[in-house]
Amino acid sequence: MLHGENLTLTYKDGEGLVDALHGLSLSIEDHQFIGILGPSGCGKSSLLYLLSGLRKPTKGEVYLDDRPYSKMPERERVELRRTEFGFVFQQHFLINYLTALENVMVSAPVQDRAHAEQGKALLADLGLGEKLHRFPYELSGGERQRVAIARAMIHRPRVIFADEPTGLLDRRTGLQVMALLRSYREQGSLIAVTHNPEILAEADLIVRLRDGQIASMEDRVARQTQEAAK
Ligand SMILES: Nc1ncnc2c1ncn2[C@@H]1O[C@H](COP(=O)(O)OP(=O)(O)OP(=O)(O)O)[C@@H](O)[C@H]1O
Ligand SMILES: [Mg+2]
């Protein structure tokens, strides 16, 4: 469904060129939960930016259902991100003058009562049922992160891109949030970047990155076989 082919991303900074990814290929199927692990700076966020079309690769191509991003007009790519993708970023980018519920509704396809009810239900599932009308500055970092997660889910995207979705949460809340994100697989795919392998226990595929390349890939069967051998 989503396929990155031979992806290379080179950033230019003040001092020169930084190679964030080189020659990486990865395919994601519908209803798959993919976990991406790797040390800080290995290119995890960069990979999400390319797969979601937020950045253009220096080399390589990304395809959604065999349609290459480079052949889509920018307007179509923007529309794709708005309707088919949901994002949970490392920084959550909530709108400060909107309440928690209003921030979630920004992503709703229609501003009707049914979606407002869905938004409330999602926030309640994420433990924020009592804080629907708080502004971001009245919420903790982890609470804001959960608002961003509800915002990424309300329009039922085909793919959710989540960058450290539990990074700001305590262990118990993190596991609850992952359970909700994981259940999303019935509707679409989930690509989650993390430093914490524990939250990827149920992933269909775990991809480990090192220095902008895939160091290893393990599907669920391989992991179970390894566990059994221990
Ligand atoms: N805008 C930028 N300009 C220059 N270099 C960048 C830029 N963004 C990222 N990099 C570099 O690209 C490499 C990959 O960065 P990336 O953010 O993808 O890593 P990451 O795996 O997400 O790290 P972390 O776990 O810390 O979030 C790093 O060496 C980083 O310093
Ligand atoms: Mg990152």
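Ligands are counted one by one from 1 in listed order, and the atoms in each one are counted from 1 as well. Both backbone and side-chain heavy atoms feed into the values below; hydrogens, waters and symmetry mates do not. What you see is a predicted model; the values in this text were computed from it and never measured.
- What sits closest to atom 4 (C) of ligand 1 on the protein, heavy atoms only, is Tyr11 CB, 3.3 Å.
- When hydrogens are left out, the protein atom nearest atom 25 (O) of ligand 1 is Lys44 NZ, 2.6 Å; that is the closest non-hydrogen contact.
- Scanning the protein heavy atoms around atom 15 (O) of ligand 1, the nearest turns out to be Ser46 OG, 3.8 Å.
- Annotation: atom 27 (O) of ligand 1 to nearest protein heavy atom, Gln90 NE2, 3.0 Å.
- Using a 4.0 Å cut-off to heavy atoms of Ala20, the atoms of ligand 1 that qualify are 12 (O), 13 (C), 14 (C).
- The residue from Gly212, Pro39, Ser45, Gly41 that puts a heavy atom closest to atom 14 (C) of ligand 1 is Gly41.
- Atoms of ligand 1 found under 4.0 Å from any heavy atom of His195 (numbered from 1 in listed order, with element): 25 (O).
- The local environment of CD in Glu74 is crowded, with over 12 non-hydrogen atoms from other residues, nucleotides or ligands closer than 6.0 Å.
- The closest protein non-hydrogen atom to atom 26 (O) of ligand 1 is Ser40 OG, 2.6 Å.
- Remark: Asp13 CG is packed, more than 12 non-hydrogen atoms of other residues, nucleotides or ligands lying under 6.0 Å away.
- Atom 30 (C) of ligand 1 has as its closest protein heavy atom Val18 CG1, 4.7 Å.
- His115 places no side-chain N or O within donor-acceptor distance of the main-chain N or O of Ala108, the cut-off being under 3.5 Å.
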